[in-house]
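Below: the structure, in structure tokens.
Everything quoted here is computed from the prediction, not taken from an experiment.
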Amino acid sequence: MKVLKIATAGSVDDGKSTLIGRLLYDTKSLTDDKLEAIERSSKQKGYDYLDFSLATDGLVAEREQGITIDVAHIYFSTATKSYIIADTPGHVEYTRNMVTGASTSQAAIILIDARHGVIEQTYRHFFINNLLRIKDVIVAVNKMDLVEFSEDRYNEIKADFQKLVDKSDYEDQNITFIPVSALKGDNVVEKGNNMDWFEGQTLLEHLEKLDTEDIYNKGNVRFPVQYVIRPKTEEYHDFRGYAGKVYGGDLKVGDDVVILPSETKSKIKEIYFYDKKYESAARRSSVTVTLENDVNVSRGDMIVRVGELPKSDKRFTATIAWMDNKNLQSGSKYVLQHGVNKVLAKVNTIHNRINPDYSGIELDVDSLKMNDIASISFQLNKPIFFDAFKENRTNGSFILIDPQSNNTVGVGFIE
């Protein structure tokens with residue numbers, strides 16, 4: 001069964017947790033004890049409706065304040081697809097949590113309160129989705145029940161959001177608008193009777209039809225080697241296979257390839273999935289390959305097709321989302337992990353700080369605070385082979401690790 005990972009974002013009281021809870025409730029994905037707890041809590045609070053936000057707000061502080069603080073992952077399935085929802089916070093002080101939740105997502109839901117329309121936080125949520133190259137973005141205009149299910153109000157918000165879309169440089173992004181009432185259930189799983197003027201799909205119908213493969217970059221093949229397989233059994237005494245995941249495109253038997261960083265050339269001899277042989281491996285598939293000649297390949301090496309080499313350099317510029325309490329300073333040194341490879345990296349130049357509300361950039365910046373986003377140049381102690389993040393999400397991203405605390409302090413997207 002295919003899996004779709006979805007990031008959600010919304011400002012305080014936009015009803016994000018309620019929307020997810022409604023999705024779980026209407027797809028009958030809530031356990032009996034969870035449903036009983038929601039019914040009991042809703043009755044204790046004097047509500048004449050079920051408070052579905054309790055289905056997702058797991059921390060005590062979240063329940064007490066009615067806000068989302070940490071990233072929670074919610075799982076549910078339909079007959080055709082499995083879903084993982086990253087419920088991310090909407091506050092500016094939790095930008096790092098938003099980036100974390102969206103970093104592995106294939107689609108995103110941005111909630112807008114129909115009473116308030118597009119606000120500053122909406123800009124930030126859309127910016128992060130663009131930064132992370134989330135291809136399918138669903139704009140859920142929620143709380144339509146509080147604006148009398150007004151088509152005019154929905155169209156007004158849609159027009160305001162379109163002005164934001166016009167500022168984006170991501171031309172392949174798909175934007176879908178859906179008016180919903182998470183509290184009443186309209187257009188979440190079922191259509192409902194209150195918005196007959198809306199002819200589009202419900203939220204779940206749209207998610208069901210999203211292609212889980214199409215959201216990934218198509219391009220040059222990248223096969224980072226995760227593990228070298230040497231069984232040394234009687235049956236497979238001389239077997240040497242290279243296990244990993246295929247990114248970018250399809251890998252086929254007979255392809256002429258180059259092993260990086262040695263730049264040794266060879267040819268794909270066999271492709272295995274467990275004990276079965278295949279003629280090709282589709283992108284996003286985890287396989288083991290063998291090569292025609294016995295060349296030296298190690299964990300951390302990358303196999304690419306001849307003529308499709310990535311860049312190899314000790315210097316590059318990247319957009320950084322800073323996640324640590326300790327400020328990033330010019331000249332600071334970190335461990336940069338790119339795939340399974342780790343290298344030492346020095347911050348050469350902080351070019352500018354990027355305002356995620358689309359208000360521009362700030363120059364003359366000498367440090368970054370937690371939740372800042374900036375363009376930075378790095379100097380490495382040895383070359384890595386990389387692509388621009390826009391061309392390959394996997395081979396164009398990395399994390400920064402503080403060598404003293406061993407904490408992950410930042411995430412980078414190579415420009």
Self-check item: Test: Asp87 and Lys16 ion pair at under 4.0 Å
Solution: yes
For Arg222, is there an ion pair with Asp387 - N to carboxylate O distance below 4.0 angstrom? yes
Tell me, please, whether Tyr170 has Arg133 positioned over its six-membered ring: NZ or CZ under 6.0 Å from the ring centre and within 45 degrees of its axis?
yes
Residues at least two apart in sequence or cross-chain that pass ring-ring contact (aromatic ring centres under 6.0 Å, His included) with Phe76, listed by chain then number, are Tyr83
Please tabulate, for the side chains in residues 346-356, all donor-acceptor contacts under 3.5 angstrom to protein atoms that are two or more places apart in sequence or on a different chain.
from, atom 1, to, atom 2, distance (Å)
His351, NE2, Ser377, OG, 2.5
Arg353, NE, Asp372, OD2, 3.1
Arg353, NH1, Glu362, OE1, 2.8
Arg353, NH2, Ser367, O, 3.3
Asn355, ND2, Ser359, OG, 3.4
Asn355, ND2, Gly360, O, 3.3

Side chain to side chain contact (heavy atoms under 4.5 Å, CB included) filter on Pro224, not counting sequence neighbours, yields Tyr247, Met302
Are there over 12 heavy-atom neighbours, none belonging to Lys252, within less than 6.0 Å of that residue's NZ? yes
Rounded to the nearest 0.5 Å, the CG atom of Leu164 sits from the CG atom of Asn130 at a distance of 8.0 Å
- request: For Asp364, look at atom CG and say whether over 12 heavy atoms of other residues, nucleotides or ligands are found less than 6.0 Å away.
  value: no
Does a side-chain N-to-carboxylate-O contact under 4.0 Å join Asp313 and Lys311? no
Quiz item: Does Asn129 reach the main-chain N or O of His125 with its side chain, forming a donor-acceptor pair under 3.5 Å?
Solution: yes
Does any non-hydrogen side-chain atom of Leu207 lie less than 4.5 Å from one of Ile6?
yes
### Task
Output yes when a side-chain donor or acceptor of Tyr154 lies under 3.5 Å from a complementary backbone atom of Phe177, and no otherwise.
yes
Here the gap from Thr122 atom OG1 to Asp357 atom CG, rounded to the nearest 0.5 Å, amounts to 11.5 Å
Hey, are Asp152 and Lys158 close enough for a salt bridge, meaning a charged N less than 4.0 Å from a carboxylate O? no
Side-chain (Arg393) to main-chain (Ser103) donor-acceptor, under 3.5 angstrom: yes
task = Give a yes or no answer on whether the side chain of Arg115 reaches the backbone of Lys143 with a donor-acceptor pair at less than 3.5 Å.
result = no
Please check: side-chain N/O of Asn381 versus main-chain N/O of Leu344, any donor-acceptor pairing under 3.5 Å?
yes
- Can you check whether Leu251 reaches Ser280 side chain to side chain, under 4.5 Å on heavy atoms? no
Applied to residues 179-193, the side chain to side chain donor-acceptor pair (under 3.5 Å) test, sequence neighbours excluded, yields Asp145-Ser181, Asp186-Asn194
Inset, instruction - Report yes or no: does His338 contribute a side-chain atom to a donor-acceptor pair with the main-chain N or O of Ile384 at less than 3.5 Å? - result: no
Heavy atoms, side chains only, cut-off 4.5 Å: are Asp301 and Tyr242 in contact?
no
Donor-acceptor pair, Asn220 side chain versus Pro310 backbone, under 3.5 Å?
no
Looking only at side-chain N and O atoms, does Gln162 offer a donor or acceptor that is under 3.5 Å from a partner on Asp166? yes
Would you say the side-chain atoms of Glu270 and Tyr272 include a donor-acceptor pair closer than 3.5 Å?
yes
Original post:
Heavy-atom distance under 4.5 Å between the side chains of Leu4 and Leu210, does that happen here?
Top reply: yes
Contacts satisfying salt bridge (charged side-chain N to carboxylate O under 4.0 Å, His left out) that involve residues 332-343 (not counting sequence neighbours) are none
So, do Thr176 and Val139 sit near enough that their side-chain heavy atoms are less than 4.5 Å apart?
no
Pairwise side-chain contact, Ile85 with Ile109, heavy-atom cut-off 4.5 Å (strictly under): no
Taking every heavy atom of Ala345 against every heavy atom of Leu380, the minimum-distance pair comes out as CB-CD2, 3.5 Å
Notebook entry, point to check: Would one find more than 12 heavy atoms of other residues, nucleotides or ligands at under 6.0 Å from atom OH of Tyr25?
Noted result: no
Tell me whether Asn341 contacts the main-chain N or O of Gly300 through its side chain, where contact means a donor paired with an acceptor under 3.5 Å. yes
Worksheet item: Between Gln337 (side chain) and Ile399 (backbone), is there a donor-acceptor pair under 3.5 Å?
Response: no
request  = Please lay out, stage by stage, how Gln106 and Asp136 fare under the test side chain to side chain donor-acceptor pair (under 3.5 Å).
outcome  = CA-CA 7 Å; Gln106 302 151 311; Asp136 283 280; over 6 Å; no
Shortest non-hydrogen pair, Leu132 vs Ala102, comes out as CD1-CB, 3.3 Å
| task | Taking Lys265 for its side chain and Ile259 for its backbone only, find out whether a donor-acceptor pair lies under 3.5 Å. | result | no
I want to check something: taking the side chain as every heavy atom from C-beta on, are Tyr334 and Leu328 in contact at a cut-off of under 4.5 Å?
yes
Across all chains, not counting sequence neighbours, the salt bridge (Lys or Arg N to Asp or Glu O under 4.0 Å) partners of Glu120 are Arg124
Aromatic plane relationship, Phe127 with Tyr358 - under 30° parallel, 30 to 60° tilted, over 60° perpendicular: perpendicular
In this structure, CZ of Phe223 is separated from CD1 of Ile303 (nearest 0.5 Å) by 5.5 Å
Check for me whether the distance between the ring centres of Phe398 and Phe316 falls short of 6.0 Å.
yes
- Do Val257 and Val306 come within less than 4.5 Å of each other through their side chains, counting heavy atoms only? no
